[in-house]
J.: 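First the structure, which I've put down as structure tokens, then a few questions once you've had a look.
Throughout, numbering of the chain's residues begins at 1 and tracks the sequence.
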Amino acid sequence: MRLPALPLTSSVDYVGDASNGLTTSALYVDPGSSLSSSGDVESAAAEDHVGVVVLPDLATQTFSASSLASQVLARSSGYDAVIVVIDGSSDSYGVAAHDSAEATALATDLNGHGHDDGGSAVLATLEARDWHTGSVASSSGDGGAGAGAGAGAGAGAGAGTVVGVAGGTLGLLAAAAFAALVVRRMRAGGTQAPARDVPEELRNVLLRLDALQRNHGSELSPAVSARLQSIRANIGQLFRRIRRTGTEQQVRIASIEYVDVLTKLERALGDDYYLDILRNPRLWEDADRRRAEVEEAVRATDDQLVANIRQVNASQDLEFKVALESLVGSMDATVKDIYTHQNDPTPIEPPKDQPS
């Protein structure tokens, strides 16, 4: 006797894979999916404490996008909200957040920017920062079209409010629009500062590095620009995790270390050194070596940040191995070396007296 065929179901643990992925990055993209502007999205998401997950249509055969977002949020620590992007012919979204107003505002903004592409919509939403109240609210009941407020799976872990958003939907209920308006007013005039877990003295250095990159982004090498974005995101990840599982002593030690290192990088990358070497290489001795030395310092700093994050995750002591003394020495020894042209070192003898 032939048994009836069973419906095919996916054996992929989308929630588990996404939760694991968010332990090392604020962006997880399923191997069967893609997201435009993924590097920029990851950086903005890390700064805003938002996990962004991109999954294929197949993931919604069992759970809706909003339910998936709730489950991922419940199994992920360190995030205020999770956005799930369903990568299909028309991208759609699911949102879960600990704060009901933030969940509603996120859903509103994802539609309000008018982007058909998921990556563009998420990036525009995160960069606008209109959705973030900066505080955790206990209220529930805000919703929108196709939205349901309430605890999702794992509510005991803080799954928070769940909001489902269909791609291209333009109409939302007045309550959602009002909540978004309140959030915008609360955020009006705010600056896009580094992650709030970062100590103030280090935030100031990051802001100066960010200004340098904005002003000279087209001149910096692509590798340096990418690493600076990664450093910014990883600094936020490091201090978020130290404050959650580490000690105040580790916060102070890490802050002192990275204020020193990033201040040196800021000086090295500025108009008087790296940028001038890029603009006027013929005016510098060993221009290639000097440029490579700065680029290696940036790379090593980012790699050390990743190592420190892993050490915090493993409850190990932080190890700082990046030493920039040689770079500082190269910068300090530039006055006599700035021009490649060297005068003839042969001494000129004074003319001899002629006999009268």
Side-chain angles (χ1 to χ4, degrees), residues 25 36-44 46-47 123 127 192-194 198 201-238 256-309 319-348:
S25 172
S36 64
S37 306
S38 58
D40 292 334
V41 169
E42 196 281 335
S43 180
E47 185 166 326
L123 183 60
E127 288 185 337
Q192 188 167 342
V198 177
E201 62 272 17
L202 186 53
R203 288 163 63 92
N204 293 333
V205 182
L206 287 173
L207 286 171
R208 294 198 300 270
L209 275 174
D210 185 56
L212 185 150
Q213 186 169 12
R214 287 199 312 271
N215 295 334
H216 305 288
S218 61
E219 295 181 84
L220 299 173
S221 76
V224 166
S225 289
R227 286 286 186 171
L228 286 178
Q229 290 184 359
S230 181
I231 285 172
R232 185 181 175 88
N234 286 333
I235 283 283
Q237 287 279 358
L238 174 64
I256 292 170
E257 166 70 15
Y258 283 106
V259 166
D260 177 66
V261 169
L262 295 186
T263 299
K264 290 173 180 175
L265 283 185
E266 178 198 3
R267 178 188 168 200
L269 289 166
D271 290 305
D272 294 331
Y273 197 66
Y274 182 75
L275 285 169
D276 193 51
I277 293 171
L278 294 180
R279 294 164 181 161
N280 306 296
R282 65 185 182 84
L283 301 181
W284 290 83
E285 276 195 349
D286 297 326
D288 290 341
R289 176 188 62 79
R290 293 177 185 274
R291 185 186 68 251
E293 189 176 31
V294 175
E295 293 170 356
E296 170 61 20
V298 175
R299 184 201 63 77
T301 300
D302 190 31
D303 288 348
Q304 178 177 273
L305 275 164
V306 174
N308 289 158
I309 291 170
E319 296 181 13
F320 304 111
K321 298 182 179 181
V322 173
L324 302 184
E325 281 72 21
S326 61
L327 174 60
V328 173
S330 294
M331 289 189 290
D332 289 341
T334 58
V335 175
K336 65 183 179 60
D337 298 332
I338 190 167
Y339 293 107
T340 56
H341 173 71
Q342 298 290 325
N343 294 325
D344 186 349
T346 304
I348 301 176

J.: I would like to know whether V198 and Y258 meet side-chain contact (heavy atoms from CB on, under 4.5 Å); could you show each step before the answer?
T.: CA-CA 11 Å; V198 177; Y258 283 106; over 6 Å; no
J.: Any chance you could lay out the side-chain contact (heavy atoms from CB on, under 4.5 Å) test for L275 and E219, step after step, and finish with the verdict?
T.: CA-CA 7 Å; L275 285 169; E219 295 181 84; 4.0 Å; yes
J.: Do you know which two heavy atoms are closest between S36 and V41, and how far apart they sit?
T.: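 Smallest heavy-atom distance, with atoms named: O-CG2, 4.1 Å.
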J.: Walk me through it: do Y274 and V224 pass the test side-chain contact (heavy atoms from CB on, under 4.5 Å)?
T.: CA-CA 11 Å; Y274 182 75; V224 166; 3.6 Å; yes
J.: Take atom CG in N215; do more than 12 heavy atoms of anything else shown fall under 6.0 Å from it?
T.: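 Atom CG in N215 is crowded, with more than 12 foreign heavy atoms closer than 6.0 Å.
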J.: So, D271 and R279, do they make that salt bridge, N to O below 4.0 Å?
T.: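 Yes.
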J.: About how many Å separate CG of N234 and CD of Q304, when rounded to the nearest 0.5 Å?
T.: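 The CG atom of N234 is 11.5 Å from CD of Q304, to the nearest 0.5 Å.
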J.: Taking the side chain as every heavy atom from C-beta outward, state whether R267 and D272 have any atom pair closer than 4.5 Å.
T.: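 Side chain of R267 against side chain of D272, heavy atoms only: no contact under 4.5 Å found.
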J.: Provide the closest heavy-atom pair for S43 versus A233 in the form atom of the first, atom of the second, distance.
T.: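 In this case the closest contact between S43 and A233 is CA-CB, 4.3 Å.
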J.: If the threshold is 4.0 Å, N to carboxylate O, is there a salt bridge linking D303 and R227?
T.: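 A salt bridge links D303 with R227.
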J.: Calculate, to the nearest 0.5 Å, the distance between atoms CG and CZ belonging to D210 and R214 respectively.
T.: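 Atom-to-atom, D210:CG and R214:CZ are 4.5 Å apart.
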J.: For the residue pair D40 and Q229, establish whether any side-chain heavy-atom pair is separated by less than 4.5 Å.
T.: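 A side-chain contact exists here, since the closest heavy-atom pair is under 4.5 Å.
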J.: For the residue pair L327 and K264, establish whether any side-chain heavy-atom pair is separated by less than 4.5 Å.
T.: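 They are not in side-chain contact.
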J.: Just verifying a value: how many Å separate E266 CD and L212 CG, rounded to the nearest 0.5 Å?
T.: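 Here the interatomic distance stands at 7.0 Å.
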J.: Would you say that L228 contacts L220 through its side chain, given a criterion of any heavy-atom pair below 4.5 Å between the two side chains?
T.: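 In short, these two side chains touch, coming nearer than 4.5 Å.
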J.: Heavy atoms only: give me the nearest I231-V298 pair and the separation to one decimal.
T.: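 The answer is CD1-O, 3.8 Å.
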J.: Nearest 0.5 Å please: distance from the CG atom of L202 over to the CG atom of L206.
T.: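 Reported to 0.5 Å precision, the distance equals 4.5 Å.
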J.: Quick check for you: to the nearest 0.5 Å, what is the distance between S230 atom OG and D302 atom CG?
T.: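 Taking OG in S230 and CG in D302, the distance rounds to 3.5 Å.
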J.: Could you report the tightest heavy-atom contact between L265 and T301, atom names first, then the distance?
T.: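 Smallest heavy-atom distance, with atoms named: CD1-OG1, 3.6 Å.
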J.: Taking side chain as C-beta onward, heavy atoms only, is Y273 less than 4.5 Å from R290?
T.: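 Yes; the side chains approach each other to less than 4.5 Å.
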J.: Looking at N308 and E319, what are the two nearest heavy atoms and their distance?
T.: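 Scanning both residues, the minimum pair turns out to be ND2-O, 2.9 Å.
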J.: Run L262 and I235 through side-chain contact (heavy atoms from CB on, under 4.5 Å) and show every step you take.
T.: CA-CA 11 Å; L262 295 186; I235 283 283; 4.3 Å; yes
J.: For the residue pair S225 and Q213, what are the closest heavy atoms and their distance?
T.: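 Here S225 and Q213 meet closest at O-NE2, 3.0 Å.
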J.: May I ask you to say whether E295 pairs ionically with R299, meaning some side-chain N is under 4.0 Å from a carboxylate O?
T.: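 Result for this pair is no, no salt bridge flagged.
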